Every structure is written in structure tokens, then in C-alpha cells.
Amino acid sequence: MRLLKVLAPMFFPFALMAQGESLKVGGMEFSYAVRGDSVDISLSAPTLGWIGLGFNDQNSIVRSDLLLFHVVNGKTEAIDMHVVSAGNPKKDTALGGWHSIRIKGGQETGSKTIVHFSIALRNDDWYDYQHELSNDFWLILAYSTHDEFAHHSSMRKHVKYRFENN
């Protein structure tokens, strides 16, 4: 995958980031900008169902930090999960962690869902991925045709990636 430097607002109608890295995989668009000790992320997919991403040291959904989003009646909602075993994601809060996603906005437009949010690069939640700038990790991108988070993805791709201080 080629990383492209983004110099202008991308696929969303309001600009969260003036500059960052962008990636297109499986119809999804992912971009980010490091802001101090956190990372601002924009994610879109060709669906009106949920969209999500995960982070893992291994090329596996198991033991990944999984963040899912949907926009229902104009309201953006998210769940922060850890995949305990195949087909068994659990909310961080149910495992003793906490919900650490800061939603900045979202919308459904045409046949696309777009969300903007922020996460800490590192925190004390054992169920969140602890990012180190310039270190590779597996980025998992997925979406569903349904808003219900329990519904399985219709597209999921794993890509080796890294956050750089941009």
C-alpha cells in the first residue's frame, strides 16, 4: 500500500486535519494526524452500516483493540472493544477497562458513512493498543451493511501500518 501525503481536506466536508497520512483499502478511507500524545483519525466506508478499525501486534483479529462506529438519526456512536477470542469481542468496560474514544463528528452521506475521532497513543487501559510512533502494527479496517454492532462485517482487511509524527 502506498501512503499519500494529504495537503488539503480529503473525503469529508469539514476539515479536521490540515495534514496527515491517508490510506485506501477495500473501499474504505483512513487518515490520521498525530496531535501531541493523541491521534486524530477520520474513517469512511461505502456503507450506511457500522464502520470500524482495529489495532494489533499480530495479523489477527484475536487480541485486537477494536473500535466500531455508526451514525443513527444523525448521532455518531462508538464502542471500544477487545477481541478476546475468534467471534468474541467484549467491550473494554466489561473487561475492567474504559471507553477511550473521543468522537469529534460523523455523518451518513449518500451511501457513505464518515466518522472523525481521537484516541490516545498510549494510556493505562490494558485493552487499548499502546502505539509507539514509527513502530509497525496491524491496522484492521472493516465495515458492515447493518448499524447493529453485533452484526458481522461484510468487508475486513488487515494492513501493516505505522503512525508517524506528521
Side-chain angles (χ1 to χ4, degrees), residues 1-6 10-11 16-17 19-47 49-70 78-104 106 113-145 149-166:
M1 290 291 132
R2 287 187 53 180
L3 298 178
L4 304 172
K5 192 58 112 173
V6 177
M10 294 181 3
F11 52 87
L16 271 185
M17 299 175 284
Q19 194 170 13
E21 295 294 332
S22 174
L23 176 68
K24 293 182 182 184
V25 175
M28 296 185 72
E29 295 182 56
F30 165 86
S31 65
Y32 77 92
V34 174
R35 305 274 188 239
D37 61 356
S38 65
V39 58
D40 291 341
I41 297 173
S42 290
L43 185 66
S44 75
T47 186
W50 65 255
I51 63 176
L53 72 147
F55 308 103
N56 203 341
D57 286 330
Q58 303 170 13
N59 185 9
S60 175
I61 192 75
V62 175
R63 294 193 315 221
S64 67
D65 179 15
L66 187 61
L67 315 177
L68 301 181
F69 304 84
H70 65 203
I79 58 173
D80 185 354
M81 303 187 350
H82 178 79
V83 182
V84 176
S85 59
N88 190 20
K90 300 284 186 193
K91 288 184 180 179
D92 285 12
T93 54
L95 297 169
W98 62 86
H99 181 89
S100 57
I101 304 166
R102 294 178 302 275
I103 297 173
K104 297 190 172 207
T113 298
I114 305 164
V115 295
H116 313 286
F117 60 97
S118 181
I119 57 172
L121 287 168
R122 299 184 63 74
N123 65 35
D124 293 332
D125 186 343
W126 188 87
Y127 303 102
D128 286 343
Y129 189 84
Q130 305 302 307
H131 295 279
E132 293 284 342
L133 293 179
S134 302
N135 283 357
D136 289 345
F137 59 87
W138 285 96
L139 175 65
I140 303 163
L141 297 169
Y143 65 84
S144 173
T145 56
F149 292 129
H151 196 275
H152 199 271
S153 63
S154 55
M155 191 290 301
R156 186 176 89 201
K157 300 283 184 186
H158 299 219
V159 178
K160 194 165 249 190
Y161 203 75
R162 69 173 58 187
F163 287 140
E164 300 284 351
N165 200 356
N166 37 26

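The shown structure was predicted, so the numbers you read here are calculated from the model rather than taken from an experiment.
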[atom2] on [Y] to [atom1] on [X], rounded to 0.5 Å:
X	Y	atom1	atom2	value
L23	E29	CG	CD	9.5 Å
L67	L53	CG	CG	5.0 Å
H116	I114	NE2	CD1	6.0 Å
S60	I140	OG	CD1	7.0 Å
F149	I79	CZ	CD1	5.0 Å
S118	I41	OG	CD1	7.5 Å

Minimum heavy-atom separation for [X] to [Y], with atom names?
X	Y	result
I51	T113	CD1-O, 3.8 Å
A78	H99	O-CE1, 3.3 Å
M155	V25	CE-O, 4.2 Å
N165	L133	CB-CD1, 3.8 Å
S153	A142	CB-CB, 4.1 Å
S100	D80	OG-OD2, 2.8 Å

Checklist entry - Is there a donor-acceptor contact under 3.5 Å from the side chain of S64 to the main chain of L66? => result no

Next on the checklist: Quick one: does any side-chain atom of D65 pair with a main-chain N or O of Y129 as donor and acceptor, under 3.5 Å?
Outcome noted: yes

Item to check | Identified ring pair (Phe, Tyr, Trp, His ring centres under 6.0 Å) counterpart of F69 within the set Y143, W50, F117 | outcome: F117

Item to check | Non-neighbouring partners of N59 that pass side-chain hydrogen bond (donor to acceptor under 3.5 Å, both in side chains), sequence neighbours left out | outcome: H158

Less than 4.5 Å apart, side chain to side chain, heavy atoms only: is that true for [X] and [Y]?
X	Y	answer
S154	T47	no
L139	F55	yes
V39	H131	no
H82	P89	no
S38	R102	yes
F30	V159	no
R63	V84	no
L43	M28	yes

Checklist outcome for this item: Sorted by chain and number, sequence neighbours left out, salt bridge (Lys or Arg N to Asp or Glu O under 4.0 Å) with D57 holds for none

Next on the checklist: If you count every heavy atom of other residues, nucleotides or ligands that lies below 6.0 Å from W98 atom CH2, does the total exceed 12?
Outcome noted: yes

Next on the checklist: Are more than 12 heavy atoms, taken from residues, nucleotides or ligands other than N135, located less than 6.0 Å from that residue's CG atom?
Outcome noted: yes

Checklist outcome for this item: Quick note, salt bridge (Lys or Arg N to Asp or Glu O under 4.0 Å) partners involving residues 125-135, not counting sequence neighbours, are R122-E132

Checklist entry - Is the F163 to F137 ring centre distance short of 6.0 Å? => result yes

